[in-house]
There are 2 protein chains.
Amino acid sequence: MKGKREEQSSTELKIFEAAREVFQAKGLEGARMQEIADKAKINKSMLHYYYRSKEKLFEKVYQLSIIRLIPQIASLLNEDTPLEMKLRNFTVKYLELIRHNSDIPLFVLHEMNKNPGRMKNFMLNEIGKKIQPFLQQLREERKKGNTVDLPAEQMLANIMSLLVFPFIGRPVFQVILNLDDSEFEQFIDKRLSYLPDYIVRVTLNKT
Amino acid sequence: MKGKREEQSSTELKIFEAAREVFQAKGLEGARMQEIADKAKINKSMLHYYYRSKEKLFEKVYQLSIIRLIPQIASLLNEDTPLEMKLRNFTVKYLELIRHNSDIPLFVLHEMNKNPGRMKNFMLNEIGKKIQPFLQQLREERKKGNTVDLPAEQMLANIMSLLVFPFIGRPVFQVILNLDDSEFEQFIDKRLSYLPDYIVRVTLNKT
DNA sequence: AAATAATTCAACCATATGGTTATATTTTGT
DNA sequence: ACAAAATATAACCATATGGTTGAATTATTT
């Protein structure tokens, strides 16, 4: 064998990565421990050696998924930059982020829906608190008449809707618009190209 | 007992309704036949008497869920009315529809994601085909310069995002914006009040 | 080299779950 | 009244699944 007693052994990571894929694709109840073991190419007992139980493994995956939704970008929202520039930066970076973690939003939403209690505090601390300054900034700019005349919460909801929903709705969009995978990628490329302007336009009062 | 040999016996409906609730809340794998039976206040074997298997019962619920997403409203999209009025009508009616079937979008999306093949044709026929005339109308109005300069598919994606996402994201919004159930209802009320104008504004070219 | 920790596997266990069967009662069409 | 369908229950079955155990092998520390 090779390096043991590291902080994260190679097998431990392989297991986690496999678990992440399976849980994100099928949800807690849809996932099978055997499938995770197979995908990680290890024996099932290794799962329990490292992660005690399905629940424990799931919670780690769940936590990481939430954290992935709000990396450096959260801090970006709290920088002391003008709103328009902030919106543009956020749009581009968040779209790229979701694009490379496109299974996460639906996964998190589905699990939150089944069990809103679990991870509630975690969510509140990791996301809820971090966006408060941004909401505050929206309120101030609204007072100055620089934004559309809507509560900050509504502006946020609209921005997040435009950014995230197409990924969550991907299977439906692909079917009803008859897009293969490559065409869906182009569909997202197109969004990347116009959404920064578009989101500024639907949030700020510029003409 | 009472009326038998009706098209839909009372117990059959009770079972279906219970199944609908449980499947929509927990998904195919998360649902327990016993829980459905309990909720319908009947014995488990009644489930199989009427619906053979979990799969069969699920498929019926799944189908109905998809159909509920596109009732009379689909036809509304194909009426021969001016685009602006159509957008306003659709926004109001679709928001009301989703509001009264708020579990359906996340349910359908989650199941579509786990198994995109199942129901693909059904989805295509029930939704895909029915929105084509609307897409066509968007394209024509775009040519005339009456809309934002985006492909019809993008306009549709944006409209649907704004309408549907807040319901799908409800558990997250409630946590991070700290809204109780009543406040979330107000949040939706607010959307109902401004979204018709807003969607017209972000879709059409009216200053 | 000895001790300890990490890794792997096969076999096994307990339970939950979907599904079945046998049987009995009630309702309804004719 | 009779037959057929509907309704209902309890007991049961087979299987899948999460989880455990124990023994063996390999690596790491000292």
Side-chain angles (χ1 to χ4, degrees), chain A residues 1-63 107 110-111 114-115 118, chain B residues 1-64 107 110-111 114-115 118-119:
Chain A
M1 318 243 137
K2 44 143 238 295
K4 305 294 152 54
R5 290 175 201 179
E6 304 161 12
E7 318 80 54
Q8 292 278 70
S9 75
S10 145
T11 36
E12 191 173 352
L13 279 178
K14 265 164 55 190
I15 291 173
F16 188 82
E17 190 57 21
R20 199 181 56 69
E21 285 180 39
V22 176
F23 279 131
Q24 287 180 359
K26 313 206 173 174
L28 170 57
E29 351 267 339
R32 298 285 150 246
M33 294 298 267
Q34 191 59 57
E35 189 182 350
I36 295 174
D38 291 348
K39 183 158 285 191
K41 292 199 203 115
I42 47 97
N43 189 282
K44 205 176 50 158
S45 50
M46 274 293 93
L47 299 184
H48 298 89
Y49 179 80
Y50 284 109
Y51 298 95
R52 304 270 305 168
S53 71
K54 188 185 187 183
E55 279 285 315
K56 295 258 172 52
L57 178 52
F58 170 78
E59 297 239 322
K60 295 219 168 184
V61 168
Y62 196 19
Q63 274 203 8
F107 167 66
H110 173 69
E111 298 298 338
K114 274 190 322 187
N115 186 343
R118 160 192 263 160
Chain B
M1 318 244 140
K2 45 148 237 296
K4 305 294 154 52
R5 292 178 199 177
E6 303 161 13
E7 317 78 56
Q8 290 281 66
S9 75
S10 145
T11 36
E12 191 172 353
L13 278 178
K14 266 164 53 190
I15 290 173
F16 188 81
E17 190 56 21
R20 200 182 54 72
E21 285 180 40
V22 176
F23 278 131
Q24 287 181 0
K26 313 203 174 177
L28 169 57
E29 349 267 341
R32 297 285 150 248
M33 294 298 265
Q34 191 59 56
E35 189 182 351
I36 295 174
D38 292 347
K39 183 160 284 189
K41 290 198 202 118
I42 48 97
N43 188 283
K44 204 177 48 159
S45 48
M46 275 291 93
L47 299 184
H48 297 89
Y49 180 79
Y50 284 108
Y51 298 95
R52 304 270 307 167
S53 71
K54 187 184 187 183
E55 279 284 315
K56 295 258 172 51
L57 179 51
F58 170 78
E59 296 239 323
K60 297 220 166 184
V61 169
Y62 197 18
Q63 274 203 7
L64 180 97
F107 168 65
H110 174 69
E111 298 297 338
K114 272 191 322 186
N115 187 343
R118 159 191 264 158
M119 295 289 127

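Each chain gets a letter, A, B and so on, in the order the sequences are listed, and its residues count up from 1.
Atom CG in A:N43 sits about 13 Å away from atom C1' in D:dA24, given to the nearest Å. The nearest whole Å value for the distance from the CG atom in A:L57 to the P atom in D:dG18 is 11 Å. Between the OH atom of A:Y51 and the P atom of D:dG19 there is a distance of 15 Å, rounded to whole Å. Taking atom CE of B:M33 as the reference point, atom C1' of D:dA14 lies 16 Å away to the nearest angstrom. In this entry the distance linking CZ of A:R52 with C1' of D:dT21 reads 14 Å, nearest Å. Distance NZ (A:K54) to P (D:dG18): 4 Å, rounded to an integer number of Å. Atom C1' of nucleotide D:dT26 and atom CD1 of A:I42 are separated by 17 Å, given to the nearest angstrom. The separation between B:I15 atom CD1 and D:dT9 atom C1' is 14 Å, rounded to whole Å.
With B:E59 as reference, B:R118 is the one residue of B:K54, B:R118, B:R52 to meet the salt bridge (charged side-chain N to carboxylate O under 4.0 Å, His left out) rule.
Residues A:N43 and A:A37 come closest through the heavy atom pair C-CB, 4.3 Å.
At a threshold of 4.0 angstrom between heavy atoms, the contacts of A:A31 are confined to the sugar-phosphate backbone, with no base atom among them. As judged by a 4.0 angstrom heavy-atom cut-off over every strand, B:S45 is placed among the base-contacting residues.
Relative to the side chain of B:M46, the nucleotides C:dA6, D:dT9, D:dA8 differ in distance, and D:dA8 lies closest. Among the nucleotides D:dG19, D:dA8, C:dG18, the one closest to the side chain of A:H48 is D:dG19. Comparing atom distances between the B:K44 side chain and each of D:dG19, C:dG18, C:dA6 picks out C:dG18 as nearest.
Taking 4.0 angstrom as the limit, B:Y49 places none of its side-chain polar atoms (N or O) nearer than this to OP1 or OP2 of D:dA8. In this model, the phosphate group of D:dG18 is approached by a side-chain N or O of A:R32 to a distance below 4.0 Å at OP1 or OP2.
Heavy-atom neighbours of A:K114 NZ from other residues, nucleotides or ligands within 6.0 Å: above the threshold of 12.
Formation of a donor-acceptor pair under 3.5 Å by the A:Y51 side chain with backbone atoms of A:F58 is not found in this model.
If you check the side chains of A:E111 and A:N115, you find no donor sitting under 3.5 Å from an acceptor.
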